[in-house]
Each structure stands twice: as C-alpha cells, then as structure tokens.
Amino acid sequence: MLRYFFAGLCFFMLSACTADPVLDLNQLEANARGGDQQAIVQLVDLLSAREPGLADRIYAITIEIGEKAVPVLLDKVHSKDKQLREYAIAALGTLKVVDAIPAISDVLSQKALERRYVAAWALGEIGSEAVVPVLINVLDDDNSEVRRYATRALIKLNKTAVMPLVEYLAKASGEGAAGAIRAVGDITDKRALQVLLAQSQGEQRAEAFLALGKLRDPSAEAALVAGLQDPDSLVRMNAAMALGRLGGPVAAEALTKTLEDDVHVVREWSARSLEMITGKPVLYRNSHDEYVRPYRVYH
Amino acid sequence: MQGKRRISLKKLNLVCLLVLFIAMTFLAGCGDDEAASMKTSSGHSRLQGQVTMPLEGVHLYVYKPGMDLYGPAFAISTATGIDGKFALELPDGDYVAVARKRAGGEETGPVVAGDNRSEFIKVSVQGGVVDMPVSAPVKIGDQRNFTGDIETSKTGLAGQILDSDGQPVANARVHVYDHVQMSERPKFVSEKTGPDGRYLIYLPDGGTYYLAARDKFGGPPKLGDLYGRYDKGTIEPSAVVVKEGQILKQVVITVTKVW
C-alpha cells in the first residue's frame, strides 16, 4: 500500500515540475563554469534578481568564472536595470578588466544614472593610468557618493595620480579642490607640498591642514601654526591635529597657547599633539572644567 | 527568466514543499567565499621575520599602499609557530604590514583588548629575501556599549542611514568609535534603524568620534553586506565633533554593498 502511495507521490511531483520547471541553479552554475556561453548569459542575467541574497551568490560565481564571463558583463554595463548595471560594473572592476574602462567611464559621466558610485569604485580597482583624468573629472560631481568613491579610487591609484591631481589643484576650488586635497594627502607624496601650502590660504584650508599633517613635512609648520589663530574652530582643530605629526619647538609653543582655546576639541587636540611633539604628559581643560590628559586616539 | 524560476503552487504537495525547502536550504547554505585575500602568492621575493617575544599564532597582514588597512589584506601569512617566525612570498613592491593575533584564534575580525597587534610597518620588497622583525604587544582598553545601556544624556548624534539610491535603510546600526583606526570594537552601537533609516545615539561626553553604519553585526564586512563609514573617501574616517550638551543632527551615513 505504502509503495503505491509513494509511486503516486512521485508521479504527482514529476507532473508538477514538468508543468513549470524550476531553474536548476547548480546545473546552470556547472554549465557556466564549463564555458557554456548560453549558461553564462543566463547566469549574468540573474544578477538582476531581487530575491534576497541570490544576486550576491550569482556575483560570487561570476567572479570565479572570470575571463569567460567578461564579454557578457561588458554587454550589461549600460543595462537599464540599475541593479544589473551595478553588479556588472562591480564584477568588471573586481576582475580588473582594462577593456571595460571606456564603458564604465561613460556610465560615470552620465549624471542621470543611479548608483554611479560603483563606476568610480571599479575604475579604482582596474587601476590604469587612463582612469585618472576620468576620476578627477568627477571630484566636483553633484553626487556625494560619486565624489567619495572617486577620491578613494585616486588614493588607490597612488603615485600615478599625484601629478595630475597637483595640476588640477592649481586651478580647482570647492568640492573638487577638497577631494583632490584629500587624495594627495593620503597618497603622502611631497610633490604636492607647494600646492597644499597654497590651498592652506583659501576656502579649503581645513582640508589642506589635514593633508599637510599627513605629509609630515616640517616646512608646513609655519602655515599650520598660523592656522591655530583661524576664526573657524574646525580649521584650528585640524591645524592642531596636523602639528602633532610634524611640529617642533615653535609648534609646541603655539599649541601651549591653544590649550586655553574657547572650543573643547581644539584644547583636546592641542594637548594630544603637544604630547606627540614633546613626549611628555599634557593636561587640558575638558568640557567639565576638569584638567585631564587626552586619550590616545591613535593606537 | 523570472517566470521560469517560479514554481506553480497549485500542484505542490507536502513532499514538493519539502524538496523545495531542501533545495532552498542547499542554495542558501552555499556560503559566500571570504573577501579576496591571498594566503600566499608566487613571486620573486620573500618577506620573513620573527614576531618577538617570540609570539605564536600571529598572522602578518600585508597591504598595498592606498588600501584600507582594516579591510581584506593583499596577503596574509600563515600563523606563526612556537618560534614566532613568519614568511610570505610577495611580488616586488612597496607594502604596509601589520601583525595581528586575536585571542580567539580568528584570522579576521576586529582587534580588541587582549589581542596582540603591531604598528603599521612600511616595507619595500625588491628581490631576494627581506628580513623584518616585528613587535606585537597586547592591546589594552576599549569596550562596547549599546546606546540603550547609556543613561539618556543631552549629548549625542542623530541622523539617517541611506543606501546608494538615497533611500532609508532599515535594520542597520551606527557604530561609534573614539579611535581613528576603527579597528577595535565600537565604543557605542545604536539600536537598529526603523523603516525611515533614522537613528539617535546618546553619548556620555562630547568629543571627537568616528562613525560607520552596517546591516550586520560583528566581524569585518563581507561581500554583499551593506557598509559605509562616515568619511569623504580618505583612508582614515572623518572626525565628527560632538559638543557637550549638543545632539548633533543630520549626520547622514551612506551604505553601499561590499564588493
């Protein structure tokens, strides 16, 4: 009796499955890994799937398939589906496909498109010198995520990006200048020193002070000491922060005075930097009017 | 494509559901691989040395200049043995190395109080063998508090977590650090955001803080996670200055997928 029951059950299952077959993801994956181009196309299309976790799973498989998936991924860079476009661009970036630079750069330049941040990210991953001007061009983009990822990508490109950034900074202002200053600061290349000193006199001086601190060049000390008198407390804090990394006796004297700044964080950073310069414990007045040592913000 | 994947429910019986459940469990169980980081790579040079005291169970993490020094490394050594020695094959180039030993034995995740870690060491590998002694003292300090554990104060942070489309992100948390490296456990963690993506964190004191938001809790962000630091693209996060007695508002953190 039980035997008939299970036989019927199996027949029922089979008839259900033949009416509307389930996608066999394992088989599709196996075919795609074997180089079956149709399977790769089908797999890459699944990057548009909205089921939780599915697109991420397909993405990992696509990356493992690697080179064989590249032509299909290139076809999807201009997809109207924002998720498919995002995953395809991310995959091309992860796979460091130099041939994808023109298409990804084009997406980055189309301001009406969503999720362009991934284009900036991918160009940074590909890492060719050719992407430097493309990334610099979006440092003043309207979208803050595009600006942020472009800055990060330029930092990743490192020395390759320095001279184009220095040339750009000579004329830049606003968000574009701020992004370029942050990038050269993190690359820590002294070829940027003069242009950063020039920027330390302008509207982006708070950013320039942080970048000068990262360069650790003592010739920036005078500009930073002057920054301790700035009317903007954020600028004073950044100047105090930067002096800890490069300051000498002159900086120590100036920081001793800003231990009594009106703003708590300026006092705190003055004390922290004084400890870094002198190697001795320094007390500052916290917001409860108690004299305490600053905690070590850098491990 | 979507239609092919769907299963018609009208003919499904209990066994079909069971089969489907098993299949879904199988698919879900196919875990993502760890973020791309090489254990070793074939190359021309060898970076080797000893972690003093000597220290056993330490991994050396090697990054290229410009990489996030708290994200997946370019290369990771195998754990040091009883002699504290490590060796790693690397292509010629400049690198930043750091030794870490987590007390729990994990290879990834935040370095917390009680773990060992070295300073970041710049090293140039140019053919042949490069010897590098490393000191990795025990890290002291740090603790984590959920904001619910903090007595409501007049000092804090408020804002919203958004995704790359500018939409609010639900079920995410803001992690607050007081150290710029953000490598330790967060000092404070917000409650999960609601559908509007908004958060509010009370802090015991004003000061300089560093923020990140994510949809998962614990361990380094992995492929597919939503993660974002409050920064402007720099290697170090941006400092957020909170004045005593002030709720700093409109602090927006954007999270994107980890690729």
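Each chain gets a letter, A, B and so on, in the order the sequences are listed, and its residues count up from 1.
- Both the backbone and the side chain of A:D186 come within less than 4.5 Å of a heavy atom of chain B.
- At a 4.5 Å heavy-atom cutoff, B:Y177 makes no contact with chain A through either its backbone or its side chain.
- When side chains are defined from C-beta on, B:T234 does not count as touching A:R152, because their heavy atoms never get closer than 4.5 Å.
- Using non-hydrogen atoms only and a strict 4.5 Å limit, the part of residues 245-259 of chain B facing chain A consists of B:T254, B:T256, B:K257, B:W259.
- A:E86 CD to B:D165 CG: the interatomic distance, rounded to the nearest 0.5 Å, is 7.5 Å.
- The number of heavy atoms from other shown groups lying within 6.0 Å of CD (A:E290) is above 12.
- When A:I187, A:L154, A:L234, A:V265 are compared by the number of non-hydrogen pairs under 4.5 Å with chain B, A:V265 comes out ahead.
- Looking only at heavy-atom pairs under 4.5 Å with chain A, the residue among B:D163, B:V241, B:D178, B:D205 that has the most is B:D178.
- Within the 4.5 angstrom heavy-atom criterion, atoms from both the backbone and the side chain of A:Y87 approach chain B.
- Looking at every heavy atom in both residues, A:W269 comes nearest to B:T208 through NE1-OG1, 3.3 Å.
- The salt bridge (charged side-chain N to carboxylate O under 4.0 Å, His left out) pairs that include a residue from residues 234-246 of chain B are A:R245-B:E236, where partners are two or more places apart or lie in different chains.
- Across all non-hydrogen atoms, the minimal contact from A:R115 to B:S164 is CG-OG, 3.8 Å.
- Side-chain contact between A:E207 and B:K232 is present, with heavy atoms from C-beta onward closer than 4.5 Å.
- Between chain B and the options A:E145, A:K156, A:E114, A:K159, heavy-atom pairs under 4.5 Å are most frequent for A:E145.
- Only the side chain of A:V118 comes within less than 4.5 Å of a heavy atom in chain B; its backbone stays farther off.
- In B:K64, the NZ atom is not crowded: 12 or fewer heavy atoms of neighbouring residues, nucleotides or ligands sit closer than 6.0 Å.
- Across all non-hydrogen atoms, the minimal contact from B:L223 to A:A60 is CD2-CB, 4.1 Å.
- Side-chain N or O atoms of B:H179 include one that pairs as donor or acceptor with a backbone N or O of A:R296 at under 3.5 Å.
- A distance of 7.5 Å separates CD1 of B:I235 from NZ of A:K214, quoted to the nearest 0.5 Å.
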